[in-house]
Engineer: 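Okay, handing you the structure first.
Start at 1 with the first residue, then count along the sequence.
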Amino acid sequence: MAQEKMYKAALEAIDQGQTARARDLFTRLLRSDSSKAEYWLWMSTLVDSTKERIYCLESALRADPDNEAAKRGLIILGARQADKEVTPVPTIRRNWEKELVNVAEPSNSLLRRVWDNRILRFGSMIVAALVVFVLILSTVNGFRKQTEHDVVIYKVSPFPTRTPEPTLSPTPTRTLVVRSPTPTFVGATPLWMFLPTTYTPQPIYVNTPHPVAEAYRAAISAYEKSDWTSMLGFLQQAITVESNSPDLYYYLGEAYRMQGKYQDAVLAYEKALKLDPKFAPAYLGRALAYEKIDPKADIEGELNYAIDNDPNFVDAYLNRARVRVKNNNPTGAIEDLAAVDKL
């Protein structure tokens, strides 16, 4: 039952364009059961290199020797020669003559029938002319009324000591408009509210300026776009300039972890902690990497270090609550959630 839920979640991740999450889920499925050809077929669409695709398709063929999709994929990739047993995909042909005939046929619409009738056509033209005339007349009258509101009448006295007194006729009135301080949205529910998870990237924990290393800003920009490959390259450039900055190694670990390279991520987090043993996010990152390497790993100690070094670290509390629920410690999980609610 758990495998079916995970399989469904992996397919949903593919539909939503979450390639990294889908690859991680299919990796777990293959660890639990590597004899299903469909898992290998989906995995072949998620890996990066041609060599990995060939390996996945060969594994699918070993699990199901009669799988036509795996055979065709290997032939397309050049790993196998085509033979008579593999039937090619039928070519889809379009009937252009039929489509052109359908386009050429005139539509028997109501508008066409009205236009073909001479009497109705003449009457429609008269109605249209009247509508245009009424619109022009109403526009002219409106402009004339607006002009009359702005006429200034001067009362001129024959005595030289009096000065003309301008008066406005009629006196304009002001209408009070009450504006709400916050705009109220009226309309359909935005589509993003229907998503199970939005595509907003996780806010960065620390953003220390690195004016010397221009590649750092490019790495953070790639992080916000979830472009882990570019982020990794920029961080490696920045580290060559500033090799004593723990946050650079922390973000290097994040890039490795998001790519599924958990061993490399652990090494990067440990370099950050070697430079600054109180750098809280590195403990959280290392705990998450450990959990990916071994789902049964006890990472609560790592999370305790993260919270001890930063009592306001919300992500550390949330992950520790999750771990405590898994370890049958609901009281501790409620305490962590209460701390998050307070923060």
Side-chain angles (χ1 to χ4, degrees), residues 1-34 36-57 59-60 69-70 73 189-205 218-235 250-266 268-269 281 284-295 297 299 314-316 318-319 321-323 325-326:
M1 192 66 180
Q3 283 188 357
E4 293 179 1
K5 291 182 178 179
M6 191 179 299
Y7 179 62
K8 185 178 179 181
L11 296 180
E12 290 177 354
I14 292 175
D15 292 338
Q16 296 172 4
Q18 300 174 357
T19 305
R21 180 168 177 265
R23 183 166 53 227
D24 178 62
L25 291 172
F26 273 111
T27 301
R28 297 184 191 179
L29 287 169
L30 287 170
R31 286 177 182 171
S32 61
D33 186 4
S34 61
K36 289 197 175 183
E38 55 185 322
Y39 293 170
W40 288 110
L41 286 174
W42 280 112
M43 194 65 178
S44 68
T45 66
L46 299 171
V47 294
D48 298 326
S49 64
T50 303
K51 185 177 180 181
E52 291 173 317
R53 293 190 186 94
I54 293 174
Y55 175 78
C56 292
L57 293 174
S59 300
T189 305
L191 294 180
W192 62 266
M193 295 185 68
F194 294 104
L195 294 175
T197 55
T198 62
Y199 296 97
T200 305
Q202 180 178 352
I204 58 178
Y205 177 84
I220 294 300
S221 177
Y223 175 80
E224 294 172 348
K225 299 175 184 176
S226 300
D227 186 359
W228 313 120
T229 303
S230 300
M231 178 185 175
L232 189 64
F234 287 126
L235 284 172
Y250 162 69
Y251 284 123
L252 186 70
E254 290 289 277
Y256 279 129
R257 184 169 67 87
M258 294 301 178
Q259 288 183 327
K261 301 175 181 179
Y262 304 117
Q263 296 287 358
D264 294 331
V266 169
Y269 293 133
L284 172 61
R286 188 168 65 176
L288 297 177
Y290 280 151
E291 191 177 33
K292 290 293 185 180
I293 295 172
D294 182 8
I299 62 171
V314 171
D315 288 343
L318 290 174
N319 279 279
R322 176 178 59 82
V323 170
V325 169
K326 187 171 66 174

Engineer: What is the distance from atom OG of S59 to atom CD1 of I54, rounded to the nearest 0.5 Å?
Structural biologist: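 With rounding to 0.5 Å, OG (S59) is 11.5 Å from CD1 (I54).
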Engineer: Kindly indicate, with the supporting measurements, whether the criterion side-chain contact (heavy atoms from CB on, under 4.5 Å) is fulfilled by W228 and Y256.
Structural biologist: CA-CA 8 Å; W228 313 120; Y256 279 129; over 6 Å; no
Engineer: If I compare all heavy atoms of C56 with all of V47, which pair ends up nearest, and what's the gap?
Structural biologist: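 Of all heavy-atom pairs spanning C56 and V47, the closest is SG-CG1, 4.3 Å.
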Engineer: For L252 versus L235, what's the shortest heavy-atom pair and its separation?
Structural biologist: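 What the structure gives for the nearest pair is N-CD1, 3.4 Å.
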Engineer: Calculate, to the nearest 0.5 Å, the distance between atoms OG and CE belonging to S32 and M6 respectively.
Structural biologist: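 CE of M6 is found 6.5 Å from OG of S32.
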Engineer: Please examine the side chains of E254 and Y269, heavy atoms only from C-beta on, and report whether any two atoms are closer than 4.5 Å.
Structural biologist: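 With C-beta onward as the side chain, the pair touches.
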Engineer: A quick test of your reading: do over 12 heavy atoms of other residues, nucleotides or ligands sit less than 6.0 Å from NZ of K326?
Structural biologist: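 More than 12 within 6.0 Å, yes.
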Engineer: What pair of heavy atoms forms the shortest contact from S44 to L57, and how long is it?
Structural biologist: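 So the two residues come closest at OG-CD2, 3.8 Å.
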Engineer: If you define the side chain from C-beta out and look only at heavy atoms, does anything of I293 sit under 4.5 Å from V266?
Structural biologist: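 SC-SC contact between I293 and V266 confirmed.
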Engineer: Does the side chain of Y262 reach to within under 4.5 Å of the side chain of Y290, using non-hydrogen atoms?
Structural biologist: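 Answer no - side chains too far apart.
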Engineer: Please confirm whether the backbone N or O of A20 pairs with a side-chain atom of D24, one donor and one acceptor, at under 3.5 Å?
Structural biologist: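 Side chain of D24 to backbone of A20, a donor-acceptor pair under 3.5 Å: no, none is there.
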Engineer: What heavy-atom pair brings M231 and A219 nearest, and what distance separates the two atoms?
Structural biologist: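 That closest heavy-atom pairing would be CG-O, 3.7 Å.
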Engineer: With a 6.0 Å cut-off (strictly less than), is the heavy-atom count around OH of Y55, excluding the residue itself, greater than 12?
Structural biologist: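 Atom OH in Y55 is not packed in, count stays at 12 or less.
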Engineer: Has the side chain of S34 got a donor or acceptor atom that lies under 3.5 Å from a matching backbone atom of R31?
Structural biologist: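 A pair under 3.5 Å: no.
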Engineer: Does R322 pair with E291 as a salt bridge, N-O distance under 4.0 Å?
Structural biologist: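 Yes, R322 and E291 are salt-bridged.
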Engineer: Tell me, do K292 and K261 make a side-chain contact under 4.5 Å, heavy atoms counted?
Structural biologist: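 Heavy-atom side-chain distance check fails, nothing below 4.5 Å.
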Engineer: With heavy-atom distances below 4.5 Å as the criterion, would you say the side chains of R23 and D48 are in contact?
Structural biologist: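 Result yes, sub-4.5 Å side-chain heavy-atom pair found.
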Engineer: Indicate the atoms forming the closest heavy-atom contact of A22 with A10, along with that distance.
Structural biologist: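 Heavy-atom minimum between the residues: CB-O, 3.8 Å.
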Engineer: CD1 of I14 to CD of Q16: how many Å apart, nearest 0.5 Å?
Structural biologist: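 One finds 11.0 Å between CD1 of I14 and CD of Q16.
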Engineer: Which atom pair, heavy atoms only, marks the closest approach of T229 to Q259?
Structural biologist: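 T229 and Q259 have their closest heavy atoms at OG1-NE2, 3.3 Å.
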Engineer: Does the side chain of Q3 reach to within under 4.5 Å of the side chain of Y39, using non-hydrogen atoms?
Structural biologist: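 Yes; the side chains approach each other to less than 4.5 Å.
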Engineer: I need the L46 CG to R53 CZ distance, nearest 0.5 Å.
Structural biologist: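 The CZ atom of R53 is 9.5 Å from CG of L46, to the nearest 0.5 Å.
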Engineer: So, taking the atom named CD in E38 and the one named CG in L41, what distance separates them when rounded to the nearest 0.5 Å?
Structural biologist: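 One finds 8.0 Å between CD of E38 and CG of L41.
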Engineer: Is R257 reaching over with its side chain to a backbone N or O of A265, donor-acceptor style, under 3.5 angstrom?
Structural biologist: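 No, the answer is negative, given that no donor and acceptor are paired below the 3.5 Å cut-off.
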Engineer: Mind checking whether L29 and T27 have side chains closer than 4.5 Å, heavy atoms only?
Structural biologist: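 Not in contact.
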Engineer: Once you measure the plane-to-plane angle for W42 and F26, does it fall in the parallel (<30°), tilted (30-60°) or perpendicular (>60°) bin?
Structural biologist: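 If you compare the ring of W42 with that of F26, the planes turn out parallel.
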Engineer: Working to the nearest 0.5 angstrom, can you tell me the gap between D227 CG and M258 CE?
Structural biologist: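 It is 13.0 Å, given to the nearest 0.5 Å.
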